[in-house]
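In what follows, a single structure is set out as structure tokens and then discussed.
Within every chain, numbering begins at 1; the chains are lettered A, B, ... in the order of the sequence lines, protein sequences first and strands thereafter. These numbers come from a predicted model, not from an experiment.
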Protein chains: 2
Amino acid sequence: MTEIPPRPTLEAVAARAGVSRATVSRVVNGGEGVRRPLVEKVRRAVEELGYVPNQAARSLVTRRHDAIAVVIAEPEVRVFADPFFGLQLRGISKELTARDCQLVLLLTEGRADHARVGRYLSGGHVDGALVFSLHLDDPLPELVRRAGMPTVFGGRPGWGEGTRSAVYVDSDNRGGAREAVRHLVGLGRRRIAHITGALDQTSAVDRLDGFRDVMVDVAPGLIAEGDFTPAGGERAMRLLLERHPDLDAVFAANDLTASGALRVLRAQGRRVPEDVAVVGFDDMLTVAEQTDPPLTTVRQDIEEMGRLMARLLLRHLDGRGGGPDGDGAPGVGGGPTSVVLPTTLVRRASA
Amino acid sequence: MTEIPPRPTLEAVAARAGVSRATVSRVVNGGEGVRRPLVEKVRRAVEELGYVPNQAARSLVTRRHDAIAVVIAEPEVRVFADPFFGLQLRGISKELTARDCQLVLLLTEGRADHARVGRYLSGGHVDGALVFSLHLDDPLPELVRRAGMPTVFGGRPGWGEGTRSAVYVDSDNRGGAREAVRHLVGLGRRRIAHITGALDQTSAVDRLDGFRDVMVDVAPGLIAEGDFTPAGGERAMRLLLERHPDLDAVFAANDLTASGALRVLRAQGRRVPEDVAVVGFDDMLTVAEQTDPPLTTVRQDIEEMGRLMARLLLRHLDGRGGGPDGDGAPGVGGGPTSVVLPTTLVRRASA
DNA sequence: CTGAAAGCGCTAACAA
DNA sequence: TTGTTAGCGCTTTCAG
């Protein structure tokens, strides 16, 4: 059995460099106010011993962790089949990395996990949280509020407790939807259908509202409920064609949904866009550029949303001394405030 | 300004319950060897004060963190456009959650980040690491070895230093590839082409080897290099059709690649599977079931791979007292050993 | 500019 | 069974 080589401590480095622990600490933390020759000596000792600070000890006194939690509610398989979260995570990760802050990922699989997440957030592991609050009745917003944890939400949270003052980053779902539908109208389409997303998510509701803003007197039969998946898009498209064989356009709540709809349209011999024009939402390149025909869609910069969330949270954290306190909502007291990013229509071949 | 309400400590709970800190600690950690009435009293005090243990303080003395790192090298955009990692993460998360262990996600964007990751792993944040070593020359294996961090790899790592004794979980890429190609042969196909994955990843190399095992004397022109993306599949497919217009089957290194190939085949008027049979790899449902025609493919249980990685690591961690020591490789000394999971051929319409 | 000393909140021997 | 006592490794006043 190999012996356990004990990690060198500050003490050891201090001894080796012939200085006090305090001096080593100063050097390790930037070296402000330490004379050059000493800095050199300490640096060398650190190097030789392979010293790495113990974060637990450091956090214990500083009450900082340089880590933030990303909480993703994952009630459905969809979450990871969809590149959406991956892109968002990527944006977050980039921003955090630049600040030497770690990303702790908390995936929750339904109610049972909420207690665990609550415990974790209150346990003093992280300085803040980024929460993707997928569902309208999600208890997560209330939970982070109680934990007193500075939090930024991804997407406008539902209308639960503690949501009112919540800080979030979202796309202009409603405005984007309006633009999509207006584009279809501009193309001369009149019988425009909508396949919604999962209606327990605000993004789906907002896009539906945007659709209605333009199609004020739409026949109820022209709206079919989907769930943001290709399969949902197929089902809804079939239903729509049954109810309104004369429809001439479809606005789908996201690109995945649109891809399902396209398949059904083709299978039923409708030409796109000649017979039926189709517009999606997201501009997820792996989907929108790969469909046949390529998809006209509403672009939202998903990675940028992630970056922005991280940036907002970090800025708030900077504005306060140390760890979590009672004032969990970064929106309160002149802190950061929610951001709604604009969307743009990307024209391809489907409309 | 709201006053910062200081978190209650063990001390506070002890005072309130009229016992010593030690007793509270015992109760909080399971309550072994504490008489009932006291347990009750302490529990009540904990409840009333809303006490939550400070993990930094705990880790400082126990040298456990109940957290493991998942390191994903992400040199390309591909990583998150591909549901692969999401599924794997999901499996890992499930297993860790069941053990009240947290998942710290480290995304690395190229060389610059390696130092950061190394520092993190040596910094005493986590008890072990799960590493996805995507590329043959990846420095990550050597890095975790030096950090003395118990590690399990996702996919057979390349042949760098410290890889020899590495523990990993992988699919039987070579065997799966053989099965795919034999299936095509069994269908009477003779001019079978292969679109490889990114050849700096062992999975791509292994699948190519499997292809060669069956097609011993294959014309070099029937092998085209891809990169696991649909776009790569398209490029490779076009090249193959140019070089060998008479090919009658294609084995693609993964489903995404196959989907690209299918598009090119259709665009060029080849019927699938009548003119050209196509087999993929992965059985990624969101891809394989959505292609036209649905894809015959080699199934690997990706989520299970993730679970298994986590299980292997946790088992190893259990077998040792506390934190990381010098013996980083779980494979050494009767610990867990690598696992290669079997694959199965899933027949759909494309071959 | 540097060192000495006092904890951060918790667990784990050891005593009682 | 319970309490007392030392620290875990680090930062941070406060003297010098």
| query | Hey, what do you get for OG (B:S93) to CG (B:L105), rounding to the nearest 0.5 Å? | reply | 11.0 Å
| task | Could I get the full list of side chain to side chain contact (heavy atoms under 4.5 Å, CB included) partners for B:N54, not counting sequence neighbours? | result | A:L60, B:A56, B:A57
| B:N54 has an atom CG; how far is it from atom P of C:dC10, in whole Å? | 6 Å
Check residues 41-51 of chain A and write down every donor-acceptor pair under 3.5 Å in which the side-chain atom is one partner and the other belongs to a residue at least two apart or another chain.
unit_1 : atom_1 : unit_2 : atom_2 : d
A:E48  : OE1    : A:R16  : NE     : 2.7
A:E48  : OE1    : A:R16  : NH2    : 2.8

| Residues in contact with DNA chain D, drawn from residues 32-53 of chain A - heavy-atom cutoff 4.0 Å | A:Y51, A:P53
Side-chain donor-acceptor pairs of residues 25-34 of chain B under 3.5 Å, sequence neighbours excluded:
unit_1 : atom_1 : unit_2 : atom_2 : d
B:S25  : OG     : B:N29  : ND2    : 3.4
B:N29  : OD1    : B:R58  : NH2    : 3.1
B:N29  : ND2    : B:S25  : O      : 2.7

| field | Leading and trailing nucleotides of DNA chain D with any atom under 4.0 Å from heavy atoms of chain A | value | D:dG9 to D:dT13
| query | Can we say B:E304 and B:K94 salt-bridge, meaning some charged N sits less than 4.0 Å from an Asp/Glu carboxylate O? | reply | no
| Test side-chain contact (heavy atoms from CB on, under 4.5 Å) applied to B:V167 and B:T337, B:V152, B:L313, the passing residue | B:V152
| For A:D170, all residues meeting salt bridge (Lys or Arg N to Asp or Glu O under 4.0 Å), sequence neighbours excluded | none
| said: Nearest 0.5 Å, please: how far is CZ in A:R311 from CG in A:L96? | reply: 11.0 Å
| query | Mapping A:A56 and B:T23 onto DNA chain D by nearest heavy atom, which one lands closer to the 5' end? | reply | B:T23
| field | Distance (rounded to the nearest 0.5 Å) between A:C101 SG and A:R64 CZ | value | 7.5 Å
| message | In this structure, how many angstroms lie between the C1' atom of C:dC10 and the NE2 atom of B:H65, rounded? | response | 14 Å
| task | Scan for salt bridge (charged side-chain N to carboxylate O under 4.0 Å, His left out) pairs involving residues 114-126 of chain A, sequence neighbours excluded, and state none if there are none. | result | A:D113-A:R116, A:R119-B:D100
| query | How far apart are the C-alpha atoms of A:V24 and A:R21, what are their side-chain angles, what is the distance that settles it, and do they pass the side-chain contact (heavy atoms from CB on, under 4.5 Å) test? | reply | CA-CA 5 Å; A:V24 179; A:R21 298 209 313 264; 5.7 Å; no
| task | Identify, residue by residue, the members of residues 10-20 of chain B with a heavy atom below 4.0 Å from DNA chain D, and return them in order of residue number, or none. | result | B:V19, B:S20
| B:R64 CZ - C:dG9 P separation (whole Å) | 24 Å
Nucleotide N/O of nucleotides 13-16 of chain C paired with protein N/O under 3.5 Å:
none

| task | Working to the nearest 0.5 Å, report the span between CZ of A:F85 and CZ of A:R90. | result | 16.0 Å
| task | Using five base pairs at each end, measure the axis-to-axis angle across the helix from C:dC1-D:dG16 to C:dA16-D:dT1 and round it to 10 degrees. | result | 40°
| query | Can you tell me how far P of C:dG9 sits from NE2 of A:H125, to the nearest Å? | reply | 16 Å
| What pairs of residues pass the ring pair (Phe, Tyr, Trp, His ring centres under 6.0 Å) test when at least one of them lies in residues 98-120 of chain B, not counting sequence neighbours? | B:Y120-B:H125
| request: Quick one: list whatever passes salt bridge (Lys or Arg N to Asp or Glu O under 4.0 Å) with A:R307, sequence neighbours left out. | output: A:E95, A:E303
| query | Between atom CG of A:D138 and atom OG1 of A:T108, what is the distance when rounded to the nearest 0.5 Å? | reply | 7.0 Å
